[in-house]
Amino acid sequence: MKARSGQATLGKAPALGGSRTWLRPFRPGRDGAFDEAAVLHLLRRAAFGNPPSEVERMLRLGPEGAARALVAGSEPDRAAQSLEDMRPFVLGTESGRDLAAFWFARLCRTRHPLRMRMTLFWHDHFATSIRKVRNAWWMTEQFETFEGLGLGPFPDLCRAVVKGPAMLRWLDAPSNRKGRPNENLGRELLELFTLGRGNYGERDVKEAARALTGWTIIKGRFRFDRRRHDPGVKEVCGKQGKWDGDALCTHLFSLESCARFLAGKLLEHFVGPRWPVEARTELAEVLRERGLHIGEALEVLLASRLFHRPEFRGARLRGPIEWQAWVLRSLGARASPAALHRSAGRMGQRLLDPPDVAGWPEGEAWLSSASWLQRADFALCLGRPGGPFHLDPPLEELVPDRGPEAECGFLIRALLPEGLPRRAEEILKARARAEARLPRPVRLAGLLGALLLVPAAHRC
Amino acid sequence: MHGNDVLSVPFPPSRCGALGLFLALGLPALSAQEEPAFPRRLVDLAPEGTAAWFEWGGCDLDVASLHERLEREAERSSLLPRLLRSSELRRIRGMLRLTRGLERNGLVAGFEDLLAGRLVFGLRKEGRRVRAFALAKLRAPSEAGSLQRRLRALGLEVDRRGPYLALAGDGRTREAIGRAWERAARGEGPPAFVTDLPARSLLRFRIDLQELRRTRFPLLGDRSPVPAFPAFLGWPLLLSLSRGETVEGGVAVAADGGLVLEVAAKLGGIEESLRIPLAPLPAAGGRDSLREGGKVLPRLEGTICRWRLGRDLAAFLEGRARLLGPRARRQTESFLQSLDFALRGPRGGSSLLQALAPGLSGLLVLSTEEDRRNRPVRLLDPPVLVLGFPLRESGPVRRVESALGVLLAVSNRDRMRRGRLPRRVRTETRDGIRLSAAKLVTPKDGRPWPLEAVVTPTLAHGASWLLVGSEDGPCRRILFRERRQDRRSAGRNTGGDRAGGRRRGGAEESGLLDLLEFDFAAAAEALRRNRKLLASRLLVERGTDPERGMALLETIAQFVERMGRVRFTDGIGEGKVWMRIRWTPAPAADRNPGEAGGRGGRER
């Protein structure tokens, strides 16, 4: 089960006029400073890391410009293009592991990190496992849908995903037929994809399943099989009609609870677990005004006063993949995608294989005693010469050779530019000094490991 | 244990074979002239446990100006100091000094001026581990200090005790070295230094090479923007030894049921001898399964590798009670039972094995244009593997076909469970040749062909061969070629001995036991044809950028291409075992990477 968001009413937001309070654009000066700390917060939440060049660019753009730039992303460069040339070779192996590893490779190189972040977000939202689907091509297709439509109108995305062969097989749609309904797809469509718990009843599930009869897979594609469809009148969430699956989706998207459900999920992901209840109403309004357009809603959210409130900084716990991506992108390094995939799996987030239809448990649930050990393992192995991650460039090239303390300072600046608590920094520097006689690659790997295990490195 | 005692030191023949190949290819030298002041062999001072060695009289190599060019490039580059940190630059300069030493003085790592002209390279057993060591006579004990400084300049850790030096090793190694020192100190030998090559030093050396690889500077005058490939630092030296001449070494003599190899290698007009004591052969019964003079799969166009093992599987299995230990015997019985089960019938496996003539042959070959046309996937072009079993009679082979059907049914069930496409067997019979190929069924669920569609497990047989291949084309070519040769031989013999004709078609050399041929130019071509696939694997496994991965693979291909062709054969004749290594380097034109249209060196 997902960790429930502890929606809390924060101190009242200052009244600024207009219908929105929390989602009003952040005005530097009046609402606080749009300084390096604010940009770092934005980059950690909406991208994965904080390369210095990006920080400068975002500072120049201002809060709204920065949010717009993150949603728009940058054009793929030559390296990204050459990576795409590899796609048929990697996916041609029909191995889920290779597909996941390829995605990790792209994650480390992407020039549109928010899109990749949303791919991960939607993979969790529409959690589908290759373990049951058993078709890497279908999973690839689903990931491409997340990427292509993840920042567009939600109805387009949801329809494409739900009609994708991966989802149809995952939720047994082909066995849902007139007279013998299978409720899996109908139930998850209501509970997990559009409305959320408490916004529908058991009868709505049964009626939705009737509407979805006839959806099947033929030759690897979605087909509507009229003979299997139940053409009778259905009543879902207080409205009646002779609906098929498409009409059911249209009806669900038009419900207020759909926008509220999506708003809640976006707030939890981008703001943190303790978002104010009123903010959800405001974001739901924005979503409804803009046809449930996710990208446009995110532009508003990421440039809002709510997003930049200091109490939300460091309020989220990073999931394993997000954590790995943050480390690598902040260091400006690359690592073995296959090893990253294995390691993320051990930490509790195995791409393409969520634990159940509800996706991965988030928040504090990421840190069990077992997964913490795995995080420690990743931290200590990442920079190790001859280790499984093949960090490239290696630490001894990344970090200027200016003595143990300077090396320690460099790593802190790269990963946690806002600095560490003084005591923690002293401990790290003392360690660096004590290990000064060790070979440099070994010393740096240990230092990086120690730094990655401080609590601040797991929060964003 | 040294001197003649080494004959009793057990040592796995395969390792010695590898050493022999390495030494025969890599260590040419002047003839070893006995020095009057040095009556005993230097190897007598070797540490305990020495199992194989090569004592060498001197060093005088005429190396091409490769390293000079390399050094010139590095020294005149204004970029280098900026690209490299000072410590790296020091290491590179150290390497360059080393290579300059190699050019001027020979293979003893530029230390020839310090050494008294004799050197032993050897392998020493220490428990279950095998260690390499080098042993040399110093010109004067006082020169140990100079040598120590030079080794340190190369980044190697050195221990010094009096006039003796050793690369740092673990405690046991030092003990062994210490004993050698004591013998020298007692006057049982001349001043010498002994060095083991422990893993730590080798690791360090590898790290140095990796650092070199990361620095991008033009090597060999080749301006291609690829990272410097470390092997270039060593291998061209090896390649230039023979000045393009074919290198031949060989001759092993059986002695008292055991083997002592006396390999006389003639390299670039210089002769040198190599002694490798080997363990005795297995009990006399083990030789029952050696069969010389059998058939070998023919060389096809684009053959990368071809091999034959002159073993009689049937005879071996027949004598298993005598030849194998209890555990191996149990495993063999279990294997035979599985074979009987797969071949549907009691003694199905044994009857099949009886139908096989001695000798297991194999071939790795590039695909032809026609093979590629028949493939549904063009993204990659893997070489085709063919295993060949010569037949005494072809009757029981039908059972293998039906077993293939069973195996396929089981495998298809598993494949479907994993969401993979099943395979379907298509059988064709023409002119006495029967070929069953298991092709993937056309995907009907909208997915593209997977990459594995380029592999078509094939079982084929004619009158004289049973072939198992990864694709049908080469199997077909081999069998039809054999057929044509049979007919020609039959015509020449006016209806005479058909089997004799076949023997003439397939036999390579009289008394041939084992054969291993490798054509590096064809291997380079295979690498190039599949470099995108390989780059994608580098991307997935190591995170290497595709462009960098492909550049690296091209560099490896260029390097591999220069290796030319190697042929290793052994056999039995006139009561002796013989062994022959023939190495034909690629023609000089193909060795210049600048002219690497040099894919040309593909003469088959």
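Within every chain, numbering begins at 1; the chains are lettered A, B, ... in the order of the sequence lines, protein sequences first and strands thereafter. Note that this is a predicted model, so its numbers are computed, not measured.
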With sequence neighbours excluded, residues passing salt bridge (charged side-chain N to carboxylate O under 4.0 Å, His left out) with A/Asp225: A/Arg227, A/Arg228
Chi angles and distances behind the side chain to side chain contact (heavy atoms under 4.5 Å, CB included) call for B/Leu539, A/Phe89: CA-CA 11 Å; B/Leu539 170 70; A/Phe89 294 94; over 6 Å; no
Residue selection (most heavy-atom pairs with chain B, distance under 4.5 Å) from A/Ala101, A/Ala105, A/Ser82: A/Ser82
Largest heavy-atom contact set with chain A, pairs under 4.5 Å, which of B/Arg420, B/Glu452, B/Met550: B/Arg420
B/Glu547/A/Arg109 ion pair, N-O < 4.0 Å: no
Derivation of the side chain to side chain contact (heavy atoms under 4.5 Å, CB included) call for A/His390 and B/Thr544: CA-CA 9 Å; A/His390 304 289; B/Thr544 310; over 6 Å; no
Whether B/Ser536 side chain and A/Met86 backbone form a donor-acceptor pair below 3.5 Å: no
Whether over 12 other heavy atoms sit under 6.0 Å from A/Arg131 CZ: no
Side chain / backbone / both / neither for B/Ala535 at chain A, heavy atoms under 4.5 Å: both
B/Arg426 CZ: over 12 foreign heavy atoms closer than 6.0 Å: no
A/Asp392 and B/Arg542 ion-paired at < 4.0 Å: no
Atom group of B/Pro448 that falls short of 4.5 Å from chain A, counting heavy atoms: both
Toward chain B, the part of A/Arg87 with a non-hydrogen atom under 4.5 Å: neither
Residue part contacting chain B, namely of A/Ala335, when any heavy atom lies under 4.5 Å: backbone
Approximate separation, where rounding is to 0.5 Å, of B/Asp545 CG and A/Arg334 CZ: 4.0 Å
Heavy-atom contact with chain B under 4.5 Å, split by part of A/Ala338: both
Any A/Leu83 side-chain heavy atom under 4.5 Å of B/Pro546 side chain: yes
A/Lys132 NZ: over 12 foreign heavy atoms closer than 6.0 Å: yes
